[in-house]
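Here's the structure we're looking at; comments come further down.
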Amino acid sequence: MARQNLPVTDMSRAGVSLKGALSSAVADGHAFGYSSRRQIRLVNAGASARTVTVVMPGQVDGKELPDQLYPLAAGADLLVPPFPPIYRRAEDDTVWINYDSPADIQVAVYELPA
């Protein structure tokens with residue numbers, strides 16, 4: 001199985017329903033197209049703690065940049081603000097999300113209005 005692209009839910013100034021926008025985590029991770037207005041929502045619907053990783057591509061002075069880890073306690077529901085451009089993979093203009101285990105994790109991408 002390959003990394004899967006996440007759909008993006010556009011937000012309006014009137015707001016957006018959070019129901020139905022979530023996708024189940026997958027073993028090979030997700031990707032979404034980069035935009036400085038896109039934020040992610042991470043939900044752990046399970047009884048065990050999980051960790052979601054946003055991959056930091058590239059190097060500085062020959063050193064790998066550290067990934068951004070989001071520990072999620074059981075039942076956690078976390079909204080992560082938009083990422084700076086350094087998270088964008090230059091080769092395909094995406095941001096990558098990995099999961100320590102896809103069990104019980106759901107994720108959504110929301111695009112904030114301009």
Side-chain angles (χ1 to χ4, degrees):
M1 180 187 278
R3 187 171 298 277
Q4 294 182 10
N5 289 323
L6 282 168
V8 176
T9 301
D10 291 323
M11 296 180 74
S12 72
R13 294 283 171 204
V16 63
S17 171
L18 298 180
K19 292 184 179 180
L22 293 167
S23 298
S24 294
V26 293
D28 288 336
H30 280 113
F32 66 91
Y34 177 79
S35 167
S36 63
R37 297 190 340 257
R38 290 186 178 166
Q39 61 184 3
I40 60 173
R41 179 181 176 204
L42 305 169
V43 177
N44 180 359
S48 298
R50 299 278 185 247
T51 300
V52 176
T53 302
V54 175
V55 178
M56 178 73 79
Q59 300 178 342
V60 173
D61 294 331
K63 296 178 183 165
E64 294 292 325
L65 298 170
D67 295 335
Q68 180 66 53
L69 304 179
Y70 294 97
L72 298 175
D77 190 342
L78 181 68
L79 190 60
V80 179
F83 296 97
I86 196 167
Y87 285 89
R88 182 185 66 84
R89 296 176 49 81
E91 55 272 17
D92 61 4
D93 203 32
T94 61
V95 176
W96 281 14
I97 304 171
N98 293 334
Y99 311 97
D100 67 337
S101 169
D104 302 315
I105 298 294
Q106 295 181 307
V107 60
V109 180
Y110 301 99
E111 176 120 20
L112 301 171

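Numbering starts at 1 and runs along the sequence shown.
Here the CG atom belonging to Leu6 is positioned 13.5 Å from the CH2 atom belonging to Trp96, to the nearest 0.5 angstrom. Rounded to the nearest 0.5 Å, atoms CD (Gln68) and CZ (Phe83) are 7.5 Å apart. Between Ile97 atom CD1 and Ile40 atom CD1 the span is 4.0 Å, to the nearest 0.5 Å. If you take CE on Met56 and CG on Leu69, they are separated by 10.5 Å, rounding to the nearest 0.5 Å.
If you chain together hydrophobic residues whose side chains sit under 4.5 Å apart, Leu79 and Leu42 never meet in one group. Using a 4.5 Å cut-off between side-chain heavy atoms of Ile, Leu, Val, Met, Phe, Trp and Tyr, with links allowed through other members, Met11 and Leu78 fall into different hydrophobic clusters. With hydrophobic clusters built from ILVMFWY side chains whose heavy atoms lie under 4.5 angstrom apart, Leu18 does not share a cluster with Leu72.
The aromatic rings of His30 and Tyr99 stand perpendicular to each other, their planes meeting at an angle above 60°, with 30° marking the opposite boundary.
A donor-acceptor pair under 3.5 Å links the side-chain atoms of Asn44 to the main chain of Ala73, judged by distance alone.
When all heavy atoms of Ser48 and Ala74 are compared, the pair lying nearest together is N-CB, 4.0 Å. The shortest heavy-atom contact between Val54 and Tyr70 is CG2-CE1, 3.7 Å. In plain terms, the two heavy atoms of Thr9 and Ala21 that are nearest each other are OG1-CB, 3.7 Å.
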Only pairs under 3.5 Å count here: list side-chain donor-acceptor contacts from residues 102-114, not counting sequence neighbours, and write none if there are none.
from   : atom 1 : to    : atom 2 : distance (Å)
Glu111 : OE1    : Arg38 : NE     : 2.5
Glu111 : OE1    : Arg38 : NH2    : 3.0
Glu111 : OE2    : Ser35 : OG     : 3.2
Glu111 : OE2    : Arg37 : NH2    : 3.1

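For Tyr34, there are no ring pair (Phe, Tyr, Trp, His ring centres under 6.0 Å) partners at least two apart in sequence or on another chain. Scanning for salt bridge (charged side-chain N to carboxylate O under 4.0 Å, His left out) contacts around Asp93 gives Arg88, with sequence neighbours left out.
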